[in-house]
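By convention here, the first residue in the shown sequence is residue 1. Just so you know, these numbers come straight off a predicted model, no measurement behind them.
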Amino acid sequence: LEDKEHTLLEAIVDILRDGGIRTPSLREVEQADAVLVLGEDVTNSAPRLALSLRQSVRNAAFDRARALKIAPWLDKPVREQQIDHRSPLFIASVCVTPLDDAATATYRGSPEDVARLGFAIAHSLDPEAPAPAGLGEEARALAATIADHLKQARRPLVVSGTSNASLAIIEAAYN
């Protein structure tokens, strides 16, 4: 492994071991009701995870169908609920990803910009977390929107990884 990649993987192992975070199963990912993908193109790095994230977007439609007493195995009526009811999926990355078509909103920027957005989301969730400098008003508003959705979720999920070779993105996702 390159030194940079080794450092990133060590940081992730430390976070998982000592940070009070666990890795959800793919089934648990499918049950998430608000998702933030921070700095990772999961379609290329973890295709099965990308499928689970795509499935998670359907949760709001299933909830709505359940409220209308529509059986979940009735595919067409449940899919019709998907038109107006989708669980939020936010993607912040350096380039377009194949998962963008399922996203509620996307953000494009350098790895540093993506990390700043992640730190702004963390600050919106917890005012004790430091607020990042150099973030535009549009990005700040997006961070507040994402934080609101994560706060309201029963099963929120933040996904990140080493694709951008950025320790700051990993730290922002942890925050």
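Evaluation of the ring-ring contact (aromatic ring centres under 6.0 Å, His included) test over residues 133-175, restricted to residues two or more places apart or in two chains, returns Phe90-His149.
Side-chain atoms of Ser87 do not come within 3.5 Å of backbone N or O of Arg58 as any donor-acceptor pair. A donor-acceptor pair under 3.5 Å is absent between the side-chain atoms of Asn175 and the main chain of Ala122, judged by distance alone. The closest donor-acceptor contact from the side chain of Asp33 to the backbone of Ala153 lies at 3.5 Å or more, if one exists at all. No side-chain donor-acceptor contact under 3.5 Å links Arg140 to the backbone of Ala120.
Pairing each heavy atom of Glu40 with each of Ser45, the nearest pair is OE2-OG, 2.8 Å. The two residues Ala133 and Arg116 make their nearest non-hydrogen contact at O-CD, 2.9 Å. Counting all heavy atoms, side chain and backbone alike, Ala147 lies closest to Leu125 at O-CD2, 3.4 Å. When every heavy atom of Ala11 is checked against every heavy atom of Leu167, the shortest pair comes out as CB-CD1, 3.5 Å. The nearest pair of heavy atoms linking Leu38 to Ile169 is O-CG2, 3.5 Å. The nearest pair of heavy atoms linking Asp41 to Ser163 is N-OG, 4.5 Å.
In this structure, the separation between OG on Ser52 and CD on Gln31 is 10.0 Å, given to the nearest 0.5 Å. Note that CD of Glu5 and OG1 of Thr7 are 10.0 Å apart. Values are rounded to the nearest 0.5 Å. The structure places CG of Asp148 at 7.5 Å from OG of Ser124, a figure rounded to the nearest 0.5 Å. Glu112 CD to Leu117 CG: the interatomic distance, rounded to the nearest 0.5 Å, is 13.5 Å. To the nearest 0.5 Å, atoms CD1 (Ile121) and CG (Leu36) are separated by 4.5 Å. Taking OG1 of Thr162 as the start and NZ of Lys4 as the end, the distance is 11.0 Å to the nearest 0.5 Å.
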Leu53 and Val159: side chain to side chain contact (heavy atoms under 4.5 Å, CB included), yes or no, with the steps? CA-CA 10 Å; Leu53 291 173; Val159 176; 4.3 Å; yes

Verdict with supporting geometry, Leu51 and Leu26, side chain to side chain contact (heavy atoms under 4.5 Å, CB included): CA-CA 9 Å; Leu51 177 61; Leu26 292 174; over 6 Å; no

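Hydrophobic cluster membership is shared by Leu142 and Val158, with clusters built from Ile, Leu, Val, Met, Phe, Trp and Tyr side chains linked at under 4.5 angstrom. Linking Ile, Leu, Val, Met, Phe, Trp and Tyr whenever their side-chain heavy atoms come within less than 4.5 Å leaves Leu9 and Ile170 in two separate clusters. Taken together through direct or relayed side-chain contacts under 4.5 Å among Ile, Leu, Val, Met, Phe, Trp and Tyr, Val42 and Val35 form part of one hydrophobic cluster. Val37 and Val29 fall within a single hydrophobic cluster, where Ile, Leu, Val, Met, Phe, Trp and Tyr side chains are chained together by heavy-atom contacts under 4.5 Å. Hydrophobic clustering (side-chain heavy atoms under 4.5 Å, transitive across Ile, Leu, Val, Met, Phe, Trp, Tyr) keeps Ile146 apart from Val57.
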Pair up each side-chain donor or acceptor in residues 94-103 with any protein partner under 3.5 Å, not counting sequence neighbours, and list the distances.
{"from": "Thr97", "atom 1": "OG1", "to": "Leu99", "atom 2": "N", "distance (Å)": "3.4"}
{"from": "Thr97", "atom 1": "OG1", "to": "Asp100", "atom 2": "N", "distance (Å)": "3.4"}
{"from": "Thr97", "atom 1": "OG1", "to": "Asp100", "atom 2": "OD1", "distance (Å)": "2.7"}
{"from": "Asp100", "atom 1": "OD1", "to": "Arg108", "atom 2": "NH2", "distance (Å)": "3.2"}
{"from": "Asp100", "atom 1": "OD2", "to": "Thr97", "atom 2": "N", "distance (Å)": "3.0"}
{"from": "Asp100", "atom 1": "OD2", "to": "Arg108", "atom 2": "NH2", "distance (Å)": "2.1"}
{"from": "Asp101", "atom 1": "OD1", "to": "Arg54", "atom 2": "NH1", "distance (Å)": "3.2"}
{"from": "Asp101", "atom 1": "OD1", "to": "Arg54", "atom 2": "NH2", "distance (Å)": "3.1"}
{"from": "Asp101", "atom 1": "OD2", "to": "Arg54", "atom 2": "NH1", "distance (Å)": "3.4"}

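Atom CZ of Arg48 has more than 12 heavy atoms from other residues, nucleotides or ligands within 6.0 Å.
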